Structures are given as C-alpha cells and as structure tokens.
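These notes concern the structure reproduced below.
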Amino acid sequence: MNVAVIGGGYAGMAAAVTVAEGRAPVTVFEAAKTLGGRARRVEQRDLALDNDLHILIGAYRETLRLMRLVGADPDKLLLRLPLTWQIHERFMLKAAGLPAPLHLLAGLMTARGASFADRLSAARFMFRMRRQGYRLQRDTSVEWLLDQHGQGGHMTNLLWRPLCVSALNTPPETASAQVFLNVLRDSLDADRASSDLLLPRADLSRLFPEPASDYVRANGGTVLTGQRVTGIDERDGSFTVHCADGEHAFSHVVCALPPYHAGAFLVGISALADVAEAVERLAYQPIYSVYLQYPREVRLPAPMLGFESALLQWAFDRGALGGQHGVIGAVISAEGAHQDLPQDELARLVHQELQQQLGLLPDPSWYRVIAEKRATFACTPGLKRPESRTPLRNFFLAGDYTASDYPGTLESAVRSGIACARMILEQKTLVVSR
Ligand SMILES: Cc1cc2nc3c(=O)[nH]c(=O)nc-3n(C[C@H](O)[C@H](O)[C@H](O)COP(=O)(O)OP(=O)(O)OC[C@H]3O[C@@H](n4cnc5c(N)ncnc54)[C@H](O)[C@@H]3O)c2cc1C
C-alpha cells in the first residue's frame with residue numbers, strides 16, 4: 001500500500017494525517033508553496049493575512065479532533081465565544097448559559113432589536129423544525145421555507161438571511177433548505193458548545209495544514225509543496241501520478257483537488273466519466289475579503305461584527321483576534337453587484353460603509369482585496385454531490401464538495417478526507433488479517 005494525496009487543502013491534509021496515523025505510507029502533492037488551499041495564509045507586507053476570514057463553530061468536531069492530534073491546540077489557536085449574533089446597532093442575540101436547546105430559546109426570546117412577535121415566531125419556527133427532525137420531504141429553497149413559516153422581513157434580514165449566506169455561501173432564494181436545516185440541527189440544536197463561535201487567532205495554514213504536514217512527516221509520510229500534478233493514469237489497478245519532477249507509482253489515490261480542477265483529471269480516466277460529469281455540473285459562489293489597515297488604535301466594538309448595509313456583511317478586528325492592531329477585515333459572501341466593481345472602488349465603498357456605521361475613521365494606509373470567485377460550490381436544493389468512493393477501485397475523492405449533510409466548509413472538507421483515509425485503511429486491515 002502506497003497512498004498519493006493530490007492537494008494539500010484541509011481535505012487532503014485530513015486524509016494524509018489519518019493515513020499516517022494508520023501507519024500506511026502517504027505522499028501529499030500540493031501545487032502551491034503554502035498548504036491550505038482555499039483556507040491559506042496570504043502574505044501582505046510583513047503581515048500574515050488569510051485568503052479570507054474563516055469562522056469555525058463548536059460543531060466542527062473532526063476539525064478540532066485532528067487539530068489536537070497534530071498538536072495544534074484549538075484552545076490557543078481559536079478564540080471561543082458563546083454564540084453571539086450581533087448586527088451593529090440593529091440586533092443582538094446571545095446564547096444564554098443554559099443547557100441546549102434552552103440556551104438558544106432564551107437567546108431568541110431575549111434578543112434585542114426584534115419585536116416580541118418576531119422573536120416568538122422565530123422560536124416557533126425552530127420548534128417546528130425540531131419536531132420534524134429537521135427533515136423536509138422534498139428539498140426547496142431557504143426563502144420558500146422561511147416564507148412558509150411566516151419568517152417575515154425583520155428576522156429574515158437580521159438573522160436567517162445572514163445565517164444562510166454565512167453558512168451556505170448561497171443566497172436564500174437559491175440555497176438548499178435541507179442543508180440549512182442540517183446546519184441548524186448540528187449547530188444550534190446540539191449541545192451548547194456546538195453553537196460556540198471559534199475565531200482563528202492564527203493564520204489558516206498554521207491552524208491545521210502546516211502542523212498536519214509536520215505530523216505526516218514525523219510518521220514517515222512525505223509532503224511535497226510547489227509540486228503541481230499534471231496527470232493521473234490508472235493501469236491494471238495501480239496509479240501513476242505525473243508532476244514536474246517525474247512520475248510516481250501508487251496503489252491508492254485520494255484526489256483532494258478543488259472541484260473546478262478535479263474535473264480535468266477525472267475525464268481522462270474512463271471509469272470516472274460519470275463522476276467527472278457530476279463534478280463539472282457544479283456551480284460556484286464567490287467570497288470577497290477586503291482588508292483595511294487603520295491606525296492601531298482603531299477597534300471594532302466586537303471581534304466579529306455584522307452589518308445591515310449595502311455591501312458589508314461581517315467585519316473582523318484582527319487586532320482583537322491575532323494582535324494585528326488596526327487591521328479590519330470585511331467579508332462579502334455570495335454573489336452580488338460587488339462582483340462588477342474594480343477592487344479599488346470596492347475597498348473605497350467598504351471603507352465608506354464602515355465610516356457610516358462606526359463614525360469617522362481615518363483613511364486606511366493600505367488595503368487588499370482578495371476575490372475568491374469560486375469560493376464554494378453553490379449549495380442549491382436537491383444537489384447531487386459526488387461520493388468519496390468512486391466506481392474506480394482505490395481511487396477516492398476528498399473535498400468540501402463531496403456528498404455530505406453539510407455545505408462547503410472546513411468541517412465537510414476534513415470529514416471527507418478522513419472518510420477516504422478510513423476506506424483505504426480498512427483494506428489494509430483486511431490484508432493484514434488475511
Ligand atoms: C473566501 C472563503 C471563505 C470561506 N469561509 C469559510 C468559513 O468561514 N468557514 C468554513 O468552515 N469554511 C469556509 N470556507 C470554505 C472552506 O475554506 C473550504 O470548504 C475548504 O477550505 C475546502 O478545502 P478542500 O481541501 O476541499 O479544497 P481546497 O482548499 O481547494 O484544496 C485543494 C488543494 O489542491 C491544490 N491543487 C490544485 N491543483 C493542484 C494540482 N494540479 N496539483 C497539486 N495540487 C493542486 C490547491 O492548491 C489546494 O491547496 C471559505 C472558503 C473561501 C474560499
């Protein structure tokens with residue numbers, strides 16, 4: 001057994017760590033110099049920024065477990081806050097210190113910025129969903145689900161819409177209601193810690209992929225960065241991986257490429273034609289991040305703050321999180337008119353909206369806009385996502401887009417990587433026990 005993992009994002013590194021933990025030989029091929037893929041460190045002057053400001057939650061059990069396994073202490077690297085949903089000067093929901101689901105119910109009923117009728121209606125909606133086990137007979141859009149349950153304008157604008165866009169990176173009009181309910185079930189209706197917000201204090205490569213690489217190497221594996229794979233061939237049950245430094249033979253492949261790159265490799269392997277077609281059919285949604293460097297005294301009222309504003313959705317205070325004082329990171333998820341703006345215009349408008357919301361701010365000394373145009377797959381109703389186990393023996397797919405209950409997140413990426421590795425290790429156990 002000799003396992004190739006193609007792609008060193010969260011899915012690929014989760015697969016590699018799990019294979020290495022199972023004492024099987026593994027080699028990771030990552031095209032970029034920095035590990036992490038869509039959740040990676042980006043250098044800006046002498047600062048370590050990220051391609052985007054990611055939010056984790058307490059329900060990311062497998063991500064947290066693997067972080068601990070590779071020696072990346074979540075208690076140090078993540079700021080854990082009890083669920084707080086704060087839309088600046090408009091709305092504030094804070095989970096109460098009660099057992100779940102009372103913590104949320106009490107939070108909803110005492111939320112500031114919504115009428116009693118709106119709060120009661122939101123609590124009733126949660127109860128109805130709970131009673132039906134968070135299952136829909138037929139998937140539909142989040143907007144339709146909310147309409148059906150009388151979740152009118154106010155709660156939708158301040159809670160459900162931003163929650164849907166943040167979690168599914170898809171607007172409620174086209175987002176899958178079933179996946180939205182899965183997220184509500186596992187974050188808001190599990191134990192209290194599951195709904196905690198976990199905000200990174202270190203860059204996203206240091207959070208998991210880099211310590212994961214150290215772990216893989218310490219356990220006999222190989223991690224190659226700056227190694228772009230150019231082709232994968234299958235012959236008589238074994239695989240050849242082609243890259244700049246030559247050809248490498250493997251018994252198993254975990255393809256942990258982003259879906260928009262995976263398709264090109266899959267079409268070349270006849271047994272994977274249907275899988276390639278399913279991957280090619282996926283549509284994508286963007287996420288834009290705008291970093292602005294203000295004088296170091298500039299602070300947000302909270303480390304993470306929501307806005308009801310034309311462009312701005314969330315802003316993060318990098319000073320409060322990781323000591324990058326005066327750096328404010330703004331996030332704009334999902335599609336919108338902002339995609340047509342030149343980057344300097346987008347940065348100017350974000351600065352202007354921050355000023356309107358927070359009061360006079362000095363001009364930033366620099367800004368950086370990072371546009372991830374295919375940040376995640378569009379999480380639409382009834383979407384058929386490819387399975388990790390493919391029709392080709394010993395060839396597996398890992399990534400946030402593979403079949404699961406969850407939208408495109410770090411946790412779904414990590415879980416898919418672990419699942420691929422376990423399927424491979426099961427074969428090892430079978431061979432050994434024979
Ligand atoms: C802007 C943005 C914001 C997000 N916010 C959140 C959030 O707040 N919370 C959350 O949970 N999730 C968030 N996500 C989603 C999360 O980042 C992704 O779901 C996750 O990183 C996907 O990991 P992956 O390993 O499946 O894919 P990727 O990260 O895409 O990994 C694939 C890897 O393959 C490599 N690769 C590509 N081609 C080749 C090749 N030919 N040879 C070798 N290697 C190659 C790439 O460089 C990459 O490292 C966000 C994503 C983006 C883009």
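In listed order, ligands and their atoms are each counted from 1. Bear in mind the structure is a predicted one, so any value in this text is a computation, not a measurement.
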For [X], counting its heavy atoms only, list the atoms of ligand 1 lying under 4.0 Å from any of them.
X	result
G37	29 (O), 48 (C), 49 (O)
D52	1 (C), 2 (C), 3 (C), 4 (C), 5 (N)
H261	37 (C), 38 (N)
F29	43 (C), 44 (N)
Q227	43 (C)
Y10	25 (O)
G399	26 (O)
G408	15 (C), 19 (O)

Exceeds 12 heavy-atom contacts within 6.0 angstrom, atom [atom1] of [X]:
X	atom1	result
R112	CZ	no
R80	CZ	yes
D274	CG	no
R185	CZ	yes

Using the salt bridge (charged side-chain N to carboxylate O under 4.0 Å, His left out) rule, collect all pairs that involve residues 224-243, keeping only residues at least two apart or in two chains.
-> none
Counting distance only, does the side-chain N/O of [X] pair as donor-acceptor with the main-chain N or O of [Y] below 3.5 Å?
X	Y	answer
T390	F395	yes
D139	Q178	yes
S404	S412	no
H88	Q357	yes
Y291	D50	yes
R40	G37	yes
S416	G399	yes

With a 4.0 Å heavy-atom cut-off (strictly under), which part of E372 contacts ligand 1: side chain, backbone, both or neither?
-> side chain
For ligand 1, does S166 get within less than 4.0 Å through its side chain, its backbone, both, or neither, judged by non-hydrogen atoms?
-> neither
Kindly confirm or rule out an N or O of [X] lying under 3.5 angstrom from an N or O of ligand 1.
X	value
L410	yes
Y260	no
A11	yes
S289	no
A31	yes

Considering only non-hydrogen protein atoms, determine which one is nearest to [atom] and report residue, atom name and distance to 0.1 Å.
atom	result
atom 41 (N) of ligand 1	V229 O, 3.0 Å
atom 31 (O) of ligand 1	G9 CA, 3.5 Å
atom 8 (O) of ligand 1	I55 N, 2.7 Å
atom 34 (O) of ligand 1	G7 CA, 3.4 Å
atom 6 (C) of ligand 1	H54 CD2, 3.2 Å
atom 23 (O) of ligand 1	A413 CB, 3.6 Å

Return the option from [options] holding the heavy atom at the smallest distance from [atom].
atom	options	answer
atom 26 (O) of ligand 1	D400, V414, T376, I287	D400
atom 49 (O) of ligand 1	R38, R40, E30	E30
atom 36 (N) of ligand 1	N51, V28, L397, L257	L257

side-chain contact (heavy atoms from CB on, under 4.5 Å) with L198: which of T63, L77, L79, L64?
-> L64
May I ask you to check whether H351 and Y367 place their ring centers less than 6.0 Å from one another?
-> no
G36 near ligand 1 by a heavy-atom separation under 4.0 Å = yes
Y60 to ligand 1, any heavy atom closer than 4.0 Å | yes
Under the salt bridge (Lys or Arg N to Asp or Glu O under 4.0 Å) test, which residues partner R61, sequence neighbours left out?
-> D191
